[in-house]
Amino acid sequence: MKTILVTGCAGFIGSHTAELFLKLGNRVIGLDNLAPTYSIEIKRRNLEQVRAHASNPENFIFIEGNIRNSNIVENALKAHHPDLIVHLAALAGVQPSIKNPSEYMEVNVTGTVNLLESAHKLGIKNFILASSSSVYGTNSKVPFSEADRVNHPISPYAASKRSCELLAYTYSHLYQMKIACLRFFTVYGPRQRPDLAIYKFTQAILNDQLIQIYGDGTSQRDYTYISDIVEGIGLTSEWIQSEKAERNRFEIFNLGESQTVPLNQLVSLLEKTLNKKAKVEHAPYLPGDVPITYADLAHSKEILGYQPKVKIEEGINKFCDWYLNQK
C-alpha cells in the first residue's frame, strides 16, 4: 500500500483521481480548501463519493486547508509523508484569470512552490503536476506536441500553468525529484464543474435558455473524457515510481483525446442526446480564447502506454445520463 497525497481532491478531476488510487488499494490523503468557486455542497458530495471507495476509514484522510499556506502544506506532508504527490489543486479558467490575475498567480504558482519546497525538505521524490493545454496558446502547428515552444501564453491562467512547469523542472534539476507535468485537454464528464461549456450548454438546453457561442462556432477543442484522464494519471504514477523515471526525472505529457470537435458540432451532439433544440446566440470572441486545442499523443503513448478510449459521442451520452440522474 502506497500513501498518495491528492491536492484538489474535492474537485472534478481530483475526486475521480482519489477514487482511482483508493480502488488500487492505496491510502489517500486529500487536501482541499473547498473554495467557493462553485457550490461547496457539490464538493462535499464529491468527497462523500470518494470516502465510499475507501475499504476502511483510515485509507482516506481529508485535510481542509489552503495550499497558499506553507505551514499547512508542510504539516500535512510531515504527518503523512506520502510516497507520491498528485498536485491537482488550482484556480482554473481563462476568463476569470484575466479579471483576477494576482489571485491566479498566488494560488497556482505560490501554491505549487509551497508543495515543491515542502516535498524537497522532507525528501519526497515523486511528484505529478496538473498543467493545461492552454500553455500552447495560439500555436499554429497542430496537433500540439510536448516538444513545441510554449513561450507565448495568452491568458494569466496559461501563464500560471507554464510557470508551474518551469518551477517543476527547476526542482527536478536541483534536487533530483521525479516530476511529471500533465497537460490536460478540455476534460469533461460526471462531476464536471458547472462553469464549463458542456455542463452550461446542457443546463441551458433543458431549461430553454440561450446558449452563448463566442465567434461563429468553428473553434475546436480536444474534449477528453474523465475516465481517460484518470487512467493517464494512474499510468503516470506507475511510470514515476519505476526505474524508467530514474533515467529521465522530468517529463511533460499530453493527456487528450486527439480528436478535435468544433463548437457547433458539440451543440448538435447535445441536442441529439437530449432530444431538444438549443437556442443559440452569437457573441464576439473573448480575449484569451484560442481557436483550437489538439493533442499529439505520440509521447504519452510511447512512454506511458496512454490510449484514450471514450469518443465524444459516447462521452456526451455518459455525461447527459449523469446530469439527468443527479438532477
Among the clusters formed by ILVMFWY side chains lying less than 4.5 Å apart, do [X] and [Y] turn up in the same one?
X    : Y    : result
L5   : F127 : yes
V150 : L129 : no
L255 : V187 : yes
F12  : V94  : no
I67  : V86  : no

Taking side chain as C-beta onward, heavy atoms only, is [X] less than 4.5 Å from [Y]?
X    : Y    : result
M105 : T110 : no
V142 : N139 : no
V50  : C9   : no
I124 : L77  : yes
C320 : L274 : yes

### Pairs where residues 200-229 contributes a residue and the test salt bridge (charged side-chain N to carboxylate O under 4.0 Å, His left out) is met, not counting sequence neighbours
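Sorted result for residues 200-229: D208-K276.
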
Check ring pair (Phe, Tyr, Trp, His ring centres under 6.0 Å) between [X] and all other residues, then give those that pass, not counting sequence neighbours.
X    : result
Y225 : Y188
F250 : Y169
F319 : W322

### Message
Under the rule for side chain to side chain donor-acceptor pair (under 3.5 Å), what residues qualify as partners of S70, not counting sequence neighbours?
### Response
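Side chain to side chain donor-acceptor pair (under 3.5 Å) list for S70, sorted by chain: empty.
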
Are [X] and [Y] close enough that a side-chain donor and a side-chain acceptor fall under 3.5 Å?
X    : Y    : result
N317 : E314 : no
E251 : H299 : yes
Y136 : N254 : yes
T112 : H87  : yes

Does [atom1] in [X] sit with more than 12 non-hydrogen atoms of other residues, nucleotides or ligands closer than 6.0 Å?
X    : atom1 : answer
K141 : NZ    : yes
H282 : NE2   : yes
E281 : CD    : yes
N275 : CG    : no

### Query
Would Y323 and Y199 count as a close aromatic pair, with their ring centres under 6.0 Å?
yes

Nearest atoms (heavy-atom pairs only) where [X] meets [Y]:
X   : Y   : answer
G14 : L88 : CA-CD1, 3.6 Å
N46 : A10 : ND2-O, 2.9 Å
I42 : Y38 : CG2-CE1, 3.9 Å

Ignoring hydrogens and geometry, is there a side-chain-to-backbone donor-acceptor pair from [X] to [Y] under 3.5 Å?
X    : Y    : result
S172 : M177 : yes
K43  : N33  : no
S97  : Y157 : yes
N325 : D321 : yes
N66  : N69  : no
S163 : V109 : no
S300 : F253 : no
N59  : L22  : no
T260 : Q220 : no
T170 : L166 : yes

### Task
Please list all pairs passing the side chain to side chain donor-acceptor pair (under 3.5 Å) test where one or both residues lie in residues 115-132, with sequence neighbours left out.
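Of all non-adjacent pairs touching residues 115-132, those that pass side chain to side chain donor-acceptor pair (under 3.5 Å) are E117-Y171, N126-K178, S131-E165, S132-S134.
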
### Query
So which pairs with a foot in residues 8-26 pass side chain to side chain donor-acceptor pair (under 3.5 Å), sequence neighbours left out?
S15-R191, E19-R191

### Task
Carefully, step by step, assess L84 and K2 under the rule side chain to side chain contact (heavy atoms under 4.5 Å, CB included).
CA-CA 8 Å; L84 168 67; K2 301 282 188 180; over 6 Å; no

Return the [atom1] to [atom2] distance between [X] and [Y], rounded to the nearest 0.5 Å.
X    : Y    : atom1 : atom2 : result
L182 : S133 : CG    : OG    : 12.5 Å
I316 : L270 : CD1   : CG    : 4.5 Å
S237 : L235 : OG    : CG    : 7.5 Å
T202 : L196 : OG1   : CG    : 11.5 Å
L115 : E74  : CG    : CD    : 11.0 Å

### Task
Let me see the working for T138 and H152 under side chain to side chain contact (heavy atoms under 4.5 Å, CB included), right down to the final yes or no.
CA-CA 8 Å; T138 54; H152 300 98; over 6 Å; no

### Message
Once ring-ring contact (aromatic ring centres under 6.0 Å, His included) is applied, what residue pairs with a partner in residues 55-83 remain, sequence neighbours excluded?
### Response
none

Taking only residues two or more places apart in sequence or in another chain, which ones pass salt bridge (Lys or Arg N to Asp or Glu O under 4.0 Å) with [X]?
X    : result
K309 : E231
K279 : none
K311 : E257
R68  : E106

### Query
Between E48 and R45, is there a salt bridge with N-O shorter than 4.0 Å?
no

### Query
When you look at S145 and D296, which way does the side-chain hydrogen bond (donor to acceptor under 3.5 Å, both in side chains) test go after all the steps?
CA-CA 5 Å; S145 166; D296 182 334; 4.5 Å; no

